[in-house]
Amino acid sequence: CAFPGVYERKIQQGHILDQEVLAQLKIGMQPQQVEYLLGSPLLPVQTQPLRWDYVYTLRQGNTWLENQRLTLYFGPQGLTKMETQGLD
Amino acid sequence: CASTPEPEYPPTPLAKIQAEWQLDLQESWQTQGSQGRGYVHQMALYADALYAADAQGQVYAWDLAQGQKIWVQDLQTPISSGVYADAQQVFVVSADGQLYALNPQTGATDWQTALKAEVLGAPQANADLVVVQSVSGDVWAFKRLTGKLAWHHSEQASRLSLRAERTPLVTNLLTYVGTPEGKLLALDNRNGYVRWDVRISWPQGRTDIEKMTDISGQPQLSQGTLYTTGYRGKVAAVDPLTGEPRWAVEASSYLSAAVDSGTLVYVNEAGHLVALDAYSGRTLWIQDQLSGRGLSAPVFLDSGHLAVGDYQGYLHVLATEDGRLVARAQQADAPIQAPLLRWKDQVISLSTEGDLHLWKFATNQP
Amino acid sequence: QTPDRFVVEDIRVQGLQRVSAGTVFAQFPVSVQQEVDAEQLARAAKFLFKSGLFDDVRLARDGQVLVLQVRERPTIAKIELEGNDQLDSEELLAGLTRAGLQEGQVFQRATLADIQQELERLYHAQGRYSARIQAKEEALDGNRVRIEIDINEGSVARIKHINLLGNQVFDDDTLLDLFELEAGPSWHWFYTADQYSRERLKGDLETLRSYYFDRGYLQFKIESTQVALSPTKDAIYLNIAMQEGPQYQVDTIELAGDLVLTEAELRALIQLTPGQTFSRSLMTASTEALRQRLGNEGYTFANVNALPQLDEATQSVKLVFFVDPGRRNYVRRIRFSGNTGTMDEVLRRELIQMEGGWASTEQIQQSRVRLERLGFFKQVEVETLPVAGRPDQVDVHYRVEEQAAGSISASVGYSQSSGIVYGLQISQRNFLGTGNRVTIAAQRSDYRDSYTFSYYDPYYTQAGVSRGFSLFYRATDYEEGDVSNFTTDTYGASLTYGYPLSEDSRLSFSLGFDQTEVKPAVDVVQEVSYFLEQEGDSHFAYKLTGRWIQNRLNRGILATAGSYQSVSLEVATPGSDLTFYKLNYRGQKYFPLGDDWSIRVRTDLGYGDAYGSQEWMPFYEHYYSGGLGSVRGYKSNSIGPRTTPSLVGGDTDPFGGNFLVEASLELIYPLPFVQDQRSLQTSAFIDAGGVYNSACYPVSDACESGFHTQGLRYSAGVGLTWLTGIGPLTFSIAKALNAEADDDTEVFQFSLGQTF
Amino acid sequence: CATSTSWFANQSEQQVQTEALVYQEAQDALTEEDYTQALQKLQTLEARYPFGRYAEQVQLELIYTYYQLQNYDAAAVAAGRFIRLHPQHEQVDYAYYLRGLSSWSAGRHALEWLELIDISQRDPGATRDAYQDFSLLVRRYPQSPYAADAYQRLQFLKNLLARQEIYIGRYYLKRGAYVAAVNRGREVLEAYPDTPATRDALAVMAEAYTHLQQMAEAQTYIDLLQTHAPEHPQLSAQGFQPLYSADAPEKSMLQILTFDILK
């Protein structure tokens, strides 16, 4: 709202996705290895096919400061595909 | 009504006695006493010299022949142990665990050494060593000329032990000590190794209190037999060289026994004086008129008489043959816990308040 | 002969007196028509015996019928205690019940020994080592027994003397002062410090160790502790032998492991510096500070341990802090419990820690403080629980205990300043648990009748924009309030908006109007009549108020730490009959001194003046001082300049002034026997305050304008505030220190229903 | 002072009332609903004849009497003891039922009957503890006479807890904490699948994913909502209507200043 100097608390959600950790993600990794690196996913996971979603969002009032997403697809022999959004 | 809980053995009031002997006060001297810290300060007698100590830290020496003080030495730290004296040295231990060797003529300190334990019983010595035993049962032996530690026997500390004036019996070869666990040990004077040990009594019962079964009196040696008393344990006679028990009698006494020409007398927990035949352990007589009166360790004045002090400052003399009370006198109304001493025809008593009295002991039969 | 193998046609039981057959069959795992062999029967019999109901169980066979011959154990009909004085019978019987021995219980031979041991244990716990207990049983009819217990309590073993051996650096007295156990005079039966107990000794030895460790004696060792009991079992002697060892200095300090933050940032938290004497408590404090800092970065389960490496030659310590942050944690769910009255959203909106975000210990704790600051709860506790199967997720659980504030309360209060105060208050700060403050209050007293309706919603928008409005009507008879003899009727309304500037500060604006009528009594004081001549007796004003509040108190009511400040400017805007402004500052700060002790400093400043064509600020808007919440020990509103009596006569009354100076210094201390410190606060205080006029009315004779120290009034005394079910109760007993002739002082003041 | 000789030692043992007589008196008191009298009788029975013929019956009636006297803690404790002592007793379901009822009644809020307080927006307190007892009763003793009523209360409790999750989920949508909102919705689907609140849960999850701009996920939940609750208020001709917007302020300045009259 437009009051001068209103303090709006930052609302943070989801996993911190920092570059060095993401760099260590390799195709073929088993889910447990990914879980050790990134932590267990907070959002519900889809099972067929196994897909894990990691998000990191930061909002203040009603403006987006950060909205990052990482989606990991797992096949029988581990990690097969990685998609990112908002993660430059 | 908030009844003050009555003690386990209520003191019996004194009955009139048929006095056959009497004790007449000759002399009275004064020390600073135990100042409520529970010290007994056993006195020492050598030749005609009497030595005593107090909780103020003073050591006194009197010449009994002349009947006057020789010297007073102030160690500036409370003394907890009894006094030992002989021709060469006088020994005492301070409350913060320092053993002092004093010159018997002047009271000056030859040497002092730390043993960091509380010692209540008087140090004992032979030609070479001076030996002390702490309240927890540990034993230290020092070279008496230099004060260098010869050996240290440590008892595995039991959780709760009896507070008593543990005193070792030092002979030429062996030192006999009683332990809080109810055992009698013989330690080799050269290295402190246990030559033999015999269990006199077993800790039984559930609580720490019931498990207490200290041997706290000084073992006594007489006619080739070693005698000891035991708290909630036994009075026993053993062979001094091997520890073989000769006889043992169920009894509970935390004070040293007195043995003389075949008769052993001890004071049990209830305050009864019991006489046993030293060879067989057979009970000769039991004197229970002084029950519950906090008696001091019995002492033979001569083969026919023995004497004890009590909690109201009375001296009692008993006949050895049947235990009847033959004399009585009262000093100031302060407990006598230190064993009495006999010098020539006099009896010496010391109260916890520090009043030291000399009594002439004579028969009143014409 | 025991039957080898047969089918049980029927089971008969012999010897039952009080036990029912049903109970026997329930405990005997053999049923009719079952084929059994000798081994099964023996096991069944043993199972029945284990039920503890019978002294003896025998099996016999009568054809196909199995016969159970049982002998019932007697049950305890009555337990009688004799001779117990220090421990009353209930306590002893409760102890026995805990050990499973009570009336109605089955009596076994072992029971007697158990009773004896249990009671002895109870007495030993009291330090009565010489207690002796005899228990004997007496058979009654109907297979029951009566147990008689004879107790001789013996005397309490008191500590006669504690003997310290081997301490050179610190003397006996300094060390013995640290001890809880003391050798004390046994003349006082309730003096318990000298009652020996093993736990207390262990505690004291621990204090002794940390005393030495905190002063650098890292090799300090307690060699032996020896407890000796006198033969008469009533005196205890303690011998403690110790080895002090050398004093150690800190040589170097290193940080190892995954630091997460920069080394400099962490090193700043370490309270030990090279060259300083080592101290274990500072080392532990540093470890805790590091752990806390990592917690704030989301590593709630980080652990830091410090390893001192001793160098005996140089008597120095190489200190290494190993940092293991563990994993960054995330909050899965936040749960509240105990808020049966307050809505979940009222609590959730106060939280700084977000569900679904990374966990920060500081934010979790800060959220707890914000919940306490609401003032709706007596107590707020928080715990962080790991989530099973999710090593890096935690649930946070806030447990609140609601304040017993009824939502509908009729209050009959009494305060000396305004006599009996009848009040009907529809609700207060947490209307039906919505967090909104709705007050429909009607209050009548001799001094003032007031009717207010106000509504305040602190979260009109999610971000915390608050909105409120209020309507009020007040008729005040200043005569009754010992001010001066006139009455005012005021009514008005206002609309307020506020919003947060930061986590703990808010700005609010309110716009409103009020209409005031002044009705002078016939012998009204000259100042009033002078003002009314100048300005008339009925004034309408538009009121614009801006207020900045910074609230960092740790609790809404009866705070013990933190600070609170508020600056407000109230302006009667142009277009009002009287144009004036009032600038107020109110501040208080707590200095906690540890375990419920703290010092509180409070100050109130106010300055008002007219502006524009207006010359005098309306006297009914004057500041007053004195009374509860101001300078205690003086009647309320009695401090400051006094009016000049009317020509007709009458006494002088306090007139107030246009600027106010007030301050108070309070020491808050806990009452020893009160456990629940949260609803009772006691304090000793010194108050000071004064009211002044920047200019004097021409008519008043005894008036000194401007600030002057004689105008200040001081008082000192003690006060108490107690949160009862119907509202806060405040007492104060204060002595006016420099009251002058016409000051009216009041030593005892109290009020119910207002918090100050 | 002299130890008190128990002067009543010689008093003859109380005239022994047979167990049956006392038990009968207890039954009469129960029928007349004089529960204080009944309690006193039952307690003497329990003390005097702990293993008598009526022992178990006495225990059950004790629980019932405590419950009627609204001494809910004592009732729950007595029921717990009975369950522990007689796990296979044929009336053990009654004990579970009474324990459930005790914690249920202990949790009731004074103002609830006024409909002023919506208990699902607050901590249900002790009532939550009734959940285990009733679900155990329904699962393990389906034919028990009390199972039907327990099931009713269980359903009420499930709805209450599920509605609470929805309130919190919607709050998080308002605040922009979309991960939290998704999980609150998921909790309803997993823990309370058989409650009407599941429809609102789908709506909350759909809205959260929409704001997270994960349209694929959002669409799956919108389709589920379409099939399960076509008449859901947030479903309109133009499709799914979120309750809050992720970028417009909740209240415009004008709205704030004018009591929401002007937009």
query = Considering residues, nucleotides and ligands other than A:Y73, do more than 12 of their heavy atoms fall under 6.0 Å from its OH?
reply = yes

message = Testing the 3.5 Å rule here: is there a donor-acceptor pair between the side chains of A:N67 and D:Q213?
response = yes

D:Q91 atom CD, neighbour heavy-atom count above 12 within 6.0 Å = yes

query = How long is the span from the CD atom in D:E217 to the CG atom in A:L43, to the nearest 0.5 Å?
reply = 8.5 Å

remark   = Of all heavy-atom pairs linking A:P44 and D:M205, the shortest is CG-CE, 4.4 Å

inquiry  = So, taking the atom named OG1 in D:T220 and the one named CD in A:Q46, what distance separates them when rounded to the nearest 0.5 Å?
reply    = 8.0 Å

query = Would one find more than 12 heavy atoms of other residues, nucleotides or ligands at under 6.0 Å from atom OH of D:Y151?
reply = no

request  = Report the C-alpha separation of A:V55 and D:Q214 in whole Å, then their side-chain angles, then the decisive distance to 0.1 Å, and conclude whether the side chain to side chain contact (heavy atoms under 4.5 Å, CB included) test is met.
outcome  = CA-CA 10 Å; A:V55 286; D:Q214 295 189 17; 3.1 Å; yes

ask   = Given that the side chain runs from C-beta out, which part of D:V182 has a heavy atom under 4.5 Å from chain A: side chain, backbone, both or neither?
value = side chain

inquiry  = Counting only non-hydrogen atoms closer than 4.5 Å, does A:L42 touch chain D with its backbone (N, CA, C, O), its side chain (CB onward), both, or neither?
reply    = both

request  = Identify the two heavy atoms, one from A:Q13 and one from D:Y178, that lie closest to each other, and give their separation to 0.1 Å.
outcome  = OE1-N, 3.6 Å

query = Between D:R175 and chain A, which part of the residue has a heavy atom less than 4.5 Å away: side chain, backbone, both or neither?
reply = both

request  = Would you mind checking which part of D:Y209 comes under 4.5 Å of any heavy atom in chain A, side chain (CB onward), backbone (N, CA, C, O), both or neither?
outcome  = side chain

key: Minimum heavy-atom distance between D:G176 and A:I11, given as atom pair plus value   = O-CG2, 4.0 Å

